[in-house]
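Notes for the one structure printed next.
Order of listing sets the numbers, starting from 1, for every ligand and every atom in it. We count residues from 1, following the sequence as given.
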Amino acid sequence: MSRGFNFSAGPATLPTKVLERARDELLEYGAERASVMEISHRSKAFERIAAESEADLRALLAIPDDYAVLFLQGGATQQFALLPMNLAGAGDTADYVLTGLWGEKAAAEAKPHVGVNIAATAAASNYTGVPDPASWALTPGAAYLHLTPNETIQGVEMLDLPALPAGHAPIVADLSSTILSRPLDISRYGVIYAGAQKNIGPAGLVVMIIRRDLLERAGAPRAKILRYADHAANQSLFNTPPTFSWYLAGQVFKWVREQGGVEAMAAANARKASTLYAAIDGSGGFYTNPVEVGARSWMNVPFVLADAALDKAFLAESEAAGLLALKGHKSVGGMRASLYNAMPQAGVDALVAFMRDFQQRHG
Ligand SMILES: *Cc1c(COP(=O)(O)O)cnc(C)c1O
């Protein structure tokens, strides 16, 4: 057996170099004579891991000093609830723009804690595009505006943040499936959060970038474990963090820097995405992607076969060819290829070659 090209939407493929490094130091980390999984999160060695990972992420995304970086647990989903608990006060409203299922879930989890205004939704078009920002019904004085710039299930991406009216609410963005895939202007966001298991590392970790003035809002929950301000004051070491996931995330950040940073990632990701979309669009309708061209995700590419009766054969044959986890999300059906940072161009080329061959044999 050998490692295949893993197109899973998450937990997702990691850079082989990072896994090899983790393997090499799994039993003994540095001079610790113990695994990184076995040492105290209060040790000097782990303090170094924490400090270096934050510094590397700050360098990669040019994160300004007036933003805190947190390494927490509970996944992106826990933040769906903690965001309104921390950022909204009694009687506040928060705006949500829905471009797919994750935004729907974020809004549903927020409802017990804040007045949720669905400022725009693409549900009527089955989430195949981004509603025109000019039509977003934003609430004056909203606590925040929540966006899911890349919808992992539908494969819909806001490739740029839209221009918004002056004085708009802080933007809170779920970047779980797109962080580090391209440069970001952090100063345009109030809060960025990302579950690790797509572009950052193993599951169990969520990375947050929070403008410091938002840490202490009137509505913050009383339990310290739920308060962003307390996590920030304790450098994300209020309780035991997911140390191994954090360590591996740090290794991924170093790998991204070695590759040339997020600009290099963006160039590679654009090329991978255009390779696959060109193959789909050039298949004469054998394969199709339903998303508006201008909103097609670079990271998650859903596609269906014109003849769904061939799905089973496609999945079995692709897996036998070492192309893993191509089954689409159950709500969309068909196939989905996730092309995160760690997926090499060679993986996409192999997928496209397989798709052509499959079409020739079954078309
Ligand atoms: C994967 C994903 C989530 C869910 O992450 P969990 O770690 O399972 O909570 C949320 N939002 C987006 C955009 C995702 O891709």
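Proximity of F80 to ligand 1, defined as any heavy-atom pair under 4.0 Å, is confined to the side chain (atoms from C-beta onward). Here T152 has side-chain heavy atoms under 4.0 Å from ligand 1, and that is the only part of it that gets that close. Counting heavy atoms under 4.0 Å from ligand 1, residue S176 touches it through the side chain alone.
The shortest N or O to N or O distance between A76 and ligand 1 is under 3.5 Å. Residue-to-ligand polar distances keep T148 apart from ligand 1: every N/O pair is separated by 3.5 Å or more. Checked against a 3.5 angstrom limit, the closest N/O atoms of N150 and ligand 1 fall outside it. Considering backbone and side-chain atoms together, Q78 places no N or O closer than 3.5 Å to any N or O of ligand 1.
Among D174, L101, I153, I179, the residue whose heavy atom lies nearest to atom 12 (C) of ligand 1 is D174. Evaluated by nearest non-hydrogen atom to atom 5 (O) of ligand 1, the leading choice among Q197, Q73, E151 is Q197.
Exactly one residue among L184, I63, V191 makes a side-chain contact (heavy atoms from CB on, under 4.5 Å) with I209. That residue is I63. Under the side-chain contact (heavy atoms from CB on, under 4.5 Å) rule, N199 has a single partner from N269, V207, T178, N341, which is N341.
What sits closest to atom 9 (O) of ligand 1 on the protein, heavy atoms only, is T77 OG1, 2.6 Å.
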**Report entry** Working for ring-ring contact (aromatic ring centres under 6.0 Å, His included), residues F303 and F286
**Finding:** CA-CA 10 Å; F303 59 93; F286 189 82; over 10 Å; no
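The aromatic ring centroids of Y96 and H146 lie less than 6.0 Å from each other. The aromatic ring centres of F71 and Y247 sit 6.0 Å or more apart.
Taken to the nearest 0.5 Å, the OG atom of S176 stands 9.5 Å off from the CD atom of Q79.
Residues S177 and N150 bring a donor and an acceptor atom of their side chains to less than 3.5 Å of each other.
Within the 3.5 Å criterion, the main-chain N or O of L237 finds no donor-acceptor partner in the side chain of H231.
In this structure, G75 counts as a contact residue of ligand 1, since one of its heavy atoms falls inside 4.0 Å of the ligand.
Close approach to K198 involves these atoms of ligand 1, each under 4.0 Å from a residue heavy atom: 1 (C), 2 (C), 3 (C), 14 (C), 15 (O).
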